[in-house]
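One structure is given below, encoded as structure tokens.
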Amino acid sequence: MIDIKALKDNPEYRAGAEKKGASADLLDELVASDDTRRSLQTEVETLRAEANAAAKDIGKADPSEREAKIAAASELKKTLGAKEAVYAEAQAKVDELILQVPNPAHESVPVGDEDAYEVVEVVGEQIAAPPMDHAEYGHAMGWVDTELGATVSGSRFAYLKGEAVLLELALVQWVMAKLVGRGFNPVIPPVLVREDMMVDAGFFPTDRNQVYDITEDELFLIGTSEVALAGMHRGERFEADGLPLRYAGFSSCFRREAGTYGKDTRGIFRVHQFDKVEMFIWSDPAKSWEEHELLREIEQEILNELGFSYRVINVASGDLGDPAAKKYDCEVWLPSEGTYRELTSCSNYTDYSARRLKTRVKGEDGTALAHTLNGTACAVGRTLLNLFEHYQQPDGSFVVPEVLQPICGLTTIAPPK
RNA sequence: GGAGAGGUGGCCGAGCCAGGUUGAAGGCGCUCCCCUGCUAAGGGAGUAAGGGGUUUAAAACCUCUUCGUGGGUUCAAAUCCCACCCUCUCCGCCA
């Protein structure tokens, strides 16, 4: 949720929202309806103050005067009720409009649609495709069984088997240890959450059709542990010197992938269920941009140590999504497709999410909304399939990345028979 | 799943049965001041959050909302009624 006051008073803030595609008409209408709302609020509150005073007066009044005073107060209540109805309408109008306004983009975000991204850094070479693409290789090695997954659960589900499981566990262990070393608190959150949590985390109503709904129990499967991590400090007020708070959540993630029929159908690139280590930071508003760079640095360090070729892009304003003021995507070179594909990303939501979560920071100049940031440390499934291509040898054998070897106890894995 | 108890300010905890000077006693903590050679102890004052308005250099002031959440009754609700959520204890079941 955005800051209406800033929208009204701060031209830069407004420009940032327009950069994200919010129309001038929408913004004008929001500001105007908020003005109306506030003047109605004053009227309602004045009436309410009168009614409160009248009620107190009755409590103190002599019994003989009570009846007349009660009658008068009763009339006042009717007037108040009518005004309240008008106010409620004005409030509803503002609520409806404000949810349509995205978090203003940071000044460093390139303006434009999806293709207007800015390449921040390119690491490694665009290596040639190995004999088998990730899907073929996963199947040949007996690591990924999408057919069985489809039989048991439907399309976009898979069984992960054999050494791939050991690789996954090693990846998670390695990444978690790294994050703990960076001051992150490890968390395994619930994967089922209530509706209000989905709303507060900013996923409902916009992404409702992407989320699995457990109707019977009124619970929803999270698409990322970000949802549950955001819930850890709802309504709290931090001391500024207690920040930043950094969490590393590990969970399975569930996505309906509605509207992606025919897209990325090979292997486990796009599946309904995958595991992910997610970073989440509660920051002092004054320091969130430093934290954002930290997230990028960690993501790059992970990619570097896994030996991937990749590039980092500064995502363009039109492709940011509502909550992010700025987002970096780390796209790994996928040789079989001859292109860079997104593996991790990190965003600064500034106060957009915290406003709904009501999470504040008490600092020297009073309280302010906290800033929240999140970033992928390791999307396990996609990392694995990138490893399948980067570490596949010409003879079909697989060399385990050095950093994972001591954890999973494997060095090379024999080619498929 | 069955039975019971309970959710009040940063924390503990009264108030609820008998609705009205209770935004909430008391205590702890915290802040400031006094006292004290240091420390400890003692004395005094202050101390909820959020929204809106007026004004200011800053402050101050007015007002609304909030006693788990959402409704209801009433001139008036922490207090009465309804629904929901959560926590705890006991029983049952169970990785």
Side-chain angles (χ1 to χ4, degrees), chain A residues 1-9 30-95 97-99 188-201 204 214-220 227-228 231-243 245 251-252 282 285 351-370:
Chain A
M1 209 181 355
I2 60 136
D3 182 350
I4 296 188
K5 208 181 263 180
L7 181 66
K8 202 172 145 185
D9 302 335
L30 176 59
V31 169
S33 55
D34 188 57
D35 284 344
T36 320
R37 198 214 94 234
R38 265 183 297 109
S39 73
L40 282 165
Q41 179 180 355
T42 308
E43 291 179 42
V44 166
E45 287 183 359
T46 308
L47 283 171
R48 207 175 277 161
E50 280 176 48
N52 286 346
K56 270 201 177 171
D57 187 44
I58 290 167
K60 285 184 261 184
D62 190 87
S64 64
E65 300 175 328
R66 281 208 171 172
E67 208 144 312
K69 289 195 174 202
I70 287 174
S74 192
E75 276 308 306
L76 192 53
K77 276 301 285 251
K78 274 186 206 155
T79 318
L80 174 60
K83 188 60 82 176
E84 276 175 334
V86 180
Y87 174 70
E89 246 173 75
Q91 176 74 61
K93 176 80 175 167
V94 172
D95 289 346
L97 293 172
I98 197 171
L99 290 178
I188 297 183
V191 295
L192 286 163
V193 301
R194 292 171 193 253
E195 184 171 14
D196 64 324
M197 190 62 248
M198 282 292 186
V199 172
D200 285 356
F204 281 6
I214 314 292
T215 322
E216 174 80 14
D217 296 287
E218 294 181 50
L219 290 168
F220 300 85
V227 177
M232 291 177 76
H233 296 288
R234 259 194 292 186
E236 283 185 36
R237 208 160 30 116
F238 296 120
E239 297 291 335
D241 56 15
L243 295 178
L245 267 180
S251 81
S252 291
W282 300 92
D351 63 7
Y352 190 80
S353 185
R355 186 165 287 108
R356 217 174 333 200
L357 292 164
K358 297 185 168 54
T359 305
R360 299 182 172 80
V361 182
K362 204 159 95 187
E364 284 171 19
D365 329 310
T367 53
L369 289 163

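Each chain gets a letter, A, B and so on, in the order the sequences are listed, and its residues count up from 1. Quick caveat: nothing in here was measured; it's all calculated off a predicted structure.
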Exactly one of A/K83, A/E84, A/R38 clears side chain to side chain contact (heavy atoms under 4.5 Å, CB included) with A/E43, and that residue is A/K83
Per the side chain to side chain contact (heavy atoms under 4.5 Å, CB included) rule, which among A/R355, A/M1, A/K93 passes with A/I98?
A/M1
Atom-to-atom span, [atom1] of [X] to [atom2] of [N] - whole angstrom:
X	N	atom1	atom2	result
A/L80	B/C64	CG	C1'	11 Å
A/D35	B/G52	CG	P	12 Å
A/I58	B/C75	CD1	C1'	4 Å
A/L357	B/A49	CG	P	21 Å
A/Q91	B/C64	CD	C1'	13 Å
A/E75	B/U74	CD	P	14 Å
A/D57	B/A76	CG	P	14 Å
A/Y87	B/G52	OH	C1'	8 Å

Between [N] and [M], how far is it from one [atom1] atom to the other, in whole Å?
N	M	atom1	result
B/U31	B/U69	C1'	34 Å
B/G42	B/G68	C1'	41 Å
B/A76	B/C80	C1'	13 Å
B/G9	B/G1	P	29 Å
B/U8	B/A25	P	16 Å
B/C64	B/A83	C1'	27 Å
B/A18	B/C81	P	10 Å
B/G13	B/G71	C1'	29 Å

Taking A/R360 for the side chain and A/G235 for the main chain, is one N or O donor matched with an acceptor at less than 3.5 Å?
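Pair absent, no side-chain N/O of A/R360 close to backbone of A/G235.
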Closer than 3.5 angstrom, by distance alone: can the side chain of A/S74 be matched with the main-chain N or O of A/I70 as a donor-acceptor pair?
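No; zero donor-acceptor contacts below 3.5 Å.
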Regarding A/E45 and A/R48, does a basic nitrogen lie under 4.0 Å from an acidic carboxylate oxygen?
no
Is any side-chain nitrogen or oxygen of [X] closer than 4.0 Å to OP1 or OP2 of [N]?
X	N	result
A/K56	B/C75	no
A/R194	B/C86	yes
A/T42	B/C64	no
A/N52	B/U65	yes

Looking at A/E43 and B/G53, is any side-chain donor or acceptor paired with a base atom of the opposite kind under 3.5 Å?
no
So does A/E89 have more than 12 non-hydrogen atoms from other groups sitting under 6.0 Å from CD?
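Incorrect, the count does not exceed 12.
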Is it the case that atom CD in A/E67 sees more than 12 heavy atoms from other parts of the structure closer than 6.0 Å?
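Incorrect, the count does not exceed 12.
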Mind checking [X] for me? I need base, sugar-phosphate or nothing, with any heavy atom below 4.0 Å counting as a touch.
X	answer
A/A55	base
A/K5	sugar-phosphate
A/A54	nothing

Residues A/Y352, A/I2; criterion side-chain contact (heavy atoms from CB on, under 4.5 Å); working and verdict:
CA-CA 6 Å; A/Y352 190 80; A/I2 60 136; 3.5 Å; yes
On RNA chain B, does the nearest nucleotide to A/R66 precede the nearest nucleotide to A/R48 from the 5' side, or the other way round? Give the residue.
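With A/R66 and A/R48 compared, the 5'-side residue is A/R66.
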Taking the nucleotide of RNA chain B with the nearest heavy atom to each, does A/R237 or A/R38 sit closer to the 5' end?
A/R237
Involving RNA chain B, stems made of at least three consecutive Watson-Crick or G-U pairs, both distances under 3.5 Å
B:1-7 with B:85-91, B:10-12 with B:26-28, B:29-34 with B:42-47, B:48-53 with B:61-66, B:68-72 with B:80-84
Between A/V361 and A/R237, is a side-chain contact (heavy atoms from CB on, under 4.5 Å) present by the stated rule, with each step listed?
CA-CA 5 Å; A/V361 182; A/R237 208 160 30 116; over 6 Å; no
